[in-house]
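Reviewing the structure listed below.
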2 protein chains.
Amino acid sequence: MTSEAAEGARRRWKQNPEAVQEDILRVAVAVFSESGLSGARIDEIAARTQTSKRMIYYYFGDKMGLYMRALEAAYAKVRAGEDQLDLGTLPPDEALARLVAFTFDHHRSNPDFIRMVMIENIHNAETLAASEVIRNMNVSAIEKLRDICRRGEAEGLFRQGLDPVALHWQISALSFFNVSNRPTFSALFGEGFFSEEGQKALRRQIVDSLLAEVRPRDTPRP
Amino acid sequence: MTSEAAEGARRRWKQNPEAVQEDILRVAVAVFSESGLSGARIDEIAARTQTSKRMIYYYFGDKMGLYMRALEAAYAKVRAGEDQLDLGTLPPDEALARLVAFTFDHHRSNPDFIRMVMIENIHNAETLAASEVIRNMNVSAIEKLRDICRRGEAEGLFRQGLDPVALHWQISALSFFNVSNRPTFSALFGEGFFSEEGQKALRRQIVDSLLAEVRPRDTPRP
DNA sequence: GCAAAATTGTACCAGTTGTTACATTAAGGG
DNA sequence: CCCTTAATGTAACAACTGGTACAATTTTGC
């Protein structure tokens, strides 16, 4: 094994376009998510890169082109993380509980992604809507949920007529808000919710709430 | 009654500083919430005002000064709306249901406010934290909730140990997300949730979910 | 009425920022 | 070994944008 082999057996010596692009994208996600779309400065992105501003325009055309690719990169990364989750053959209620807890933690450990989505929403998701890459990346969480719902209904553990997308909406809302609105919420109501214990309690509350949600309704006593 | 009396018995003729400031703030909230903090252009705000850029700097100092006042104005407006809600002497569960439904609708009809809060969160709530005006505006929803919880627990309708702030967190998360993430969510999963029927169903789901949340836990059958 | 203070109009500037022209070096094909 | 193409460095521009100097006008206190 020669020393060159350590760098991935790609190009031999200098000039590694793919690594340069990855480098730019990594920094771009960070800067965009820190400063917003118009707040982010190409100069800053360039400065935090190992390459130059020139190369950004060479590979990504303009600021919006870079932003779109950065958004796609952010989505791709969390998607890859989601696929790590294997619910195996857990019983439906446990599977749901685990999925909810996972989503909560996953969002929490990917604040950059959350911020990119926030920025996208400020701009009416125009870039997202224009990106075929992301649209084709159909969120795997839905598939998992659909399966869980089907099994839960079949076994009588869940009530009938559950909408997996609605469930996903609810799980997302709570997990997303926990990260996205932390600054304003903690500024108004204190940091308590965001301590380690606070987050654990919150996660349990959310899991419980979702489980209660899918359980069959109490049949009213006559 | 002279014709001058029609304009509110304020100043007699020309030059009405307070109206000018209100005009600027109204437009500022709109433009900031449309374009974000750095995306908003003072020139655009000025153009959509009945006055000039000169006056913006005269009354608000600089862009950040204007932004802070706009943020405060946005909070003040929704706060005023919230105070309209009177839960009177409704039984606790009905009061909670009505509070949840109201919050859901209220957020929905104040997208500008939601967007301002989103922008604030992107910028780590630094302006919010610096605004004594807003911090002193302690959200009245919490007070209402605290009262509901107390009554509910006393009557045995709710389980013990409810945390009003945690409940508020949950209500906010669902109602906020519904507005804030509509663009990305509908781009990925369709507009269905945001039609009139979709929103009605969602609101009912949220109300039910919250009510189930506060009900006393089922005592496990021996 | 008059002077001081408050309010507004006009024009402009200085710094920033996205973007590009031009030149140069490295890589691959034959 | 040469030539075409891909990749990169240097430097600068043109437009935008937040902010202001200066002067004019209106209002108010006395």
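Hydrogens, waters and symmetry mates are skipped; everything else that's a heavy atom, side chains included, is used. A note on names: the letters A, B, ... follow the listed sequences, proteins ahead of strands, and every chain is numbered from 1. Treat the numbers as computed from the prediction; the structure is a model and nothing was measured.
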What is the distance from OH of B:Tyr59 to C1' of C:dA6, rounded to the nearest Å? 8 Å
To the nearest Å, how far apart are B:Glu44 CD and D:dT17 P? 10 Å
Touch check for B:Phe60, heavy atoms < 4.0 angstrom, all strands: base, sugar-phosphate only, or nothing? nothing
Quick check: does any side chain N or O of B:Arg135 sit under 3.5 Å from a backbone N or O of B:Ala129, one acting as donor and the other as acceptor? yes
Please state whether the phosphate of D:dT8, meaning OP1 or OP2, lies under 4.0 angstrom from any side-chain nitrogen or oxygen of A:Tyr57. no
For atom CE of B:Met64 and atom C1' of D:dG18, their distance in whole Å: 13 Å
Rounded to whole angstrom units, what separation is found between the CD1 atom of A:Ile56 and the C1' atom of D:dG9? 14 Å
Of the options C:dG18, D:dA7, D:dT10, whose atoms approach the side-chain atoms of A:Arg54 most closely? D:dT10
N/O (side chain, A:Arg41) to phosphate O (OP1/OP2, C:dG18) under 4.0 Å: yes
Side chain of B:Asp43, heavy atoms from C-beta onward: which of C:dT7, D:dG18, C:dG18 has the nearest atom to it? D:dG18
Out of D:dT8, D:dG19, C:dT7, whichever nucleotide has its closest atom nearest the side chain of B:Asp62: D:dG19
So, is A:Ser52 close to the D:dT8 phosphate, meaning a side-chain N or O under 4.0 Å from OP1 or OP2? no
D:dT20, OP1 or OP2 - any side-chain N/O from B:Tyr58 closer than 4.0 Å? no
Option among A:Lys63, A:Arg54, A:Lys53 that satisfies the salt bridge (charged side-chain N to carboxylate O under 4.0 Å, His left out) test with A:Asp43: A:Lys53
Taking the inter-plane angle between the rings of A:Phe193 and B:Trp169 on a 0 to 90° scale, is it parallel (under 30°), tilted (30 to 60°) or perpendicular (over 60°)? parallel
Identify, between A:Ser38 and B:Met55, the residue whose nearest nucleotide on DNA chain C lies closer to the 5' end. B:Met55
Taking only residues two or more places apart in sequence or in another chain, which ones pass salt bridge (charged side-chain N to carboxylate O under 4.0 Å, His left out) with B:Arg69? none
Grab the two heavy atoms, one from A:Leu145 and one from A:Pro164, that are nearest each other, plus how far apart they are. CD1-O, 3.6 Å
Hey, does A:Ala40 reach any base, or is it just sugar-phosphate, or nothing, if we go heavy atoms under 4.0 Å? sugar-phosphate
Once hydrogens and angles are ignored, does a donor-acceptor distance under 3.5 Å link the base of C:dT19 to the side chain of A:Lys53? yes
